[in-house]
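A quick write-up on the structure given underneath.
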Amino acid sequence: MPNLVSGWETMIDIIHELEWRGLLADCTDLDELQKRLSAGPVTLYCGFDPTADSLHVGNLVPLLALRRFQLAGHRPIALAGGATGLIGDPSGKSAERNLLTHEILQANIQGVSSQLSRFLDFEKTENPALLLNNADWTAPVSFLDFLRDTGKHFSINMMVQKESVKSRMEDRASGISYTEFSYMLLQAFDFQVLQKDHNCDLQIGGSDQWGNITAGIDLCRKKNARPAFGLTLPLITNADGSKFGKSVDGAVWLDPARTSPYRFYQFWINTDDRDVIKFLKFFTFLDRDQIAELEKLHEENPGRREAHRRLALEMTTLIHGEAAAEESIKASQILFGGGLEGITESIFREIAGEVPTCKVQKSEFEGDGRSMVDLLVDAGLCPSKGQARKDIQAGGIYLNNIRVTDPAAAVASSDLLFDKFLLLRKGKKNYVVVSVE
RNA sequence: GGUAGGAUACCCAAGUGGCCAACGGGGGGAGACUGUAAAUCUUCUGGCUUUGCCUUCGCAGGUUCGAAUCCUGCUCCUACCA
């Protein structure tokens, strides 16, 4: 069956690819979809509502799935929800949300769109990706036209049976507004428009999108008289039961201004042992052999954490680029106890951006220098001088990653790095950078 | 309203005239081991100008050379009785 389209011979079987990665949660008609995908390039889409000015790691699974489809020779459409974002998707939400203002939404669309565009190839000749905004075709439609042309095809009886609506209707306390109730129609409208205008026959999304996707398929059948497919990706769960995508500082964002590359790297390296192979399959583009090799290494010696390192490296490189990934690794080595030999000022400044900083006057270090105990209290590492002394005696205090043993020690200007920094550490991972002015 | 009991450090909880900055457990800090894991072990856990000093045992007074501990009053809690 080769030669339908040039380059088609090399197309990989995306369904089997997703299946072994564990990325196939559900599909409206797997056999038929498989046939369509094998017969030639299929156009597919996935929507991302701009609820914030950046996407987060939780958005990666569907986003990378679009990329996987493109690599397999299909045509992905990344859809920014300029219209749907105004309304708010009730799926998976237990309570009504506040509406975003038009200004915030506009800024969010900007941010999200630029991120979406980085993962797809828009220049490819055979199957270039598309970036669209559903406000473009939704905003011009009048309310009356929408009710007549689209609303008419929806039965309330069916809509209230959808899980996202049903759970909210049963909860008398939160309820659901007419606005959010209508969300499903807008998303269905998107699918129908995309099928009509862009031959888009497949929608993918998280498993919580099932109801919205099937609503769209129904609308496609009714208005376009053309079959459409839905495929959902699994919800990512952590083995320890916590919510995926959260670190101690909150959500892990793709925007480096919100989550630094270093923290992003740390997020992945801290993956639970039980999840690491699963995540390599979910998130990376490593092939079966490479992952099998990492799995073998992980089982032989989990302590070396080869799989974790590779996962963190792959993900940081994918999102932030090679240079940032390298710097994150170096910063990690230093912040986890490595010596400061050979450190450059630029790497130190990277580190300074990751840990609390405190400013001290240069004059403090003249003469006999500043007492270590006082400095620890000023830096906020120790709550009292007594505690600071105890910590030093317990061997828990480090200056520039060298253990301090004398509770009466003083810090002099000669200890300054680059003539203006000190790296203070208490215990394994409490760092403060002291910067001298 | 009556009777009985209680209020101790971040939490639980011993202590009932000097040996009490106050047992023990939890939580937390640090150390060892380790894999930036888990478990385990050690150690610290009121403050300071730290071989000592100061402030703490519901609040306010009092007795005493000396009080978390005894007395008086107050506040709050719990139980049983009305």
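Reminder, nothing fancy here: chain letters follow the sequence lines and each chain counts from 1.
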Electrostatic pair [X]:[Y] at N-O distance under 4.0 angstrom:
X	Y	answer
A:Asp53	A:Arg258	yes
A:Glu293	A:Arg288	no
A:Glu306	A:Arg304	yes

For [X], all residues meeting side chain to side chain contact (heavy atoms under 4.5 Å, CB included), sequence neighbours excluded:
X	result
A:Asn98	none
A:Ala325	A:Leu313, A:Thr316, A:Thr317
A:Ala412	A:Ser414, A:Asp415
A:Thr237	A:Lys278

Fill in: Letter per nucleotide, 5' to 3', of nucleotides 21-32 of chain B [B base touched, S only sugar-phosphate touched, - untouched; heavy atoms, 4.0 Å]
--------SSSS
Roughly how far apart, to the nearest Å, are [N] and [M] at atom [atom1]?
N	M	atom1	result
B:C23	B:G46	P	9 Å
B:U16	B:U8	C1'	12 Å
B:C76	B:A32	C1'	47 Å
B:U55	B:U49	C1'	16 Å
B:A7	B:C71	P	14 Å
B:A67	B:C33	P	48 Å
B:G29	B:C10	C1'	13 Å
B:A21	B:G15	C1'	13 Å

Fill in: Of A:Pro383 and A:Arg304, the one whose closest RNA chain B nucleotide lies more 5'
A:Arg304
Item to complete: Using the closest heavy atom to pick a nucleotide of RNA chain B for each, name whichever of A:Ile269 or A:Lys385 lands nearer the 5' end.
Response: A:Ile269
According to the Watson-Crick and G-U wobble definitions, with both distances under 3.5 Å, which nucleotide is paired to [N]?
N	answer
B:A68	none
B:G24	B:C12
B:C76	B:G6
B:A32	B:U40

Discussion item. Among residues at least two apart in sequence or on other chains, which ones pass ring pair (Phe, Tyr, Trp, His ring centres under 6.0 Å) with A:Phe244?
Written reply: A:Phe267, A:Phe279, A:Phe283
Which pairs of donor and acceptor atoms, one on a side chain in residues 22-29 of chain A, lie under 3.5 Å apart (sequence neighbours left out)?
unit_1  : atom_1 : unit_2   : atom_2 : d
A:Thr28 : OG1    : A:Gly230 : N      : 3.0
A:Thr28 : OG1    : A:Gly230 : O      : 3.4
A:Asp29 : OD1    : A:Glu32  : N      : 3.3

Practice prompt. Return yes if the base of B:G35 and the side-chain atoms of A:Asn301 contain a donor-acceptor N/O pair under 3.5 Å, otherwise no.
Written response: no
Please give, in whole Å, the distance from [N] [atom2] to [X] [atom1]?
X	N	atom1	atom2	result
A:Asn238	B:A37	CG	C1'	15 Å
A:Asp272	B:A37	CG	P	13 Å
A:Arg309	B:G35	CZ	C1'	8 Å
A:Arg274	B:G35	CZ	C1'	15 Å
A:Arg389	B:U43	CZ	C1'	19 Å
A:Asn401	B:U36	CG	C1'	13 Å
A:Leu311	B:G35	CG	C1'	16 Å
A:Asn270	B:U34	CG	P	20 Å

Worksheet item: Taking only residues at least two apart or on different chains, which pairs with a member in residues 377-434 of chain A satisfy ring-ring contact (aromatic ring centres under 6.0 Å, His included)?
Response: A:Phe348-A:Phe421
Item to complete: Report yes or no: is the cationic atom of A:Arg68 (NZ for Lys, CZ for Arg) closer than 6.0 Å to the six-membered ring centre of A:Phe285, at no more than 45° off its axis?
Response: yes
Worksheet item: Is any side-chain nitrogen or oxygen of A:Ser384 closer than 4.0 Å to OP1 or OP2 of B:C48?
Response: yes
Can you name the atoms? Protein N/O to nucleotides 9-11 of chain B N/O, anything below 3.5 Å, with the distance.
none

Fill in: Pairs meeting criterion salt bridge (charged side-chain N to carboxylate O under 4.0 Å, His left out) with involvement of residues 86-101 of chain A, two or more places apart
A:Glu96-A:Arg168
Which protein N or O atoms sit under 3.5 Å from an N or O of nucleotides 51-57 of chain B?
none

Worksheet item: When all nucleic acid strands are considered with a 4.0 Å heavy-atom cut-off, which category describes A:Gln393: base, sugar-phosphate, or nothing?
Response: nothing
Practice prompt. Examine distances only and state if a side-chain atom of A:Asn400 and a backbone atom of A:Ile402 form a donor-acceptor pair shorter than 3.5 Å.
Written response: no
Fill in: Which residues share a side-chain hydrogen bond (donor to acceptor under 3.5 Å, both in side chains) with A:Asp272, sequence neighbours left out
A:Arg274
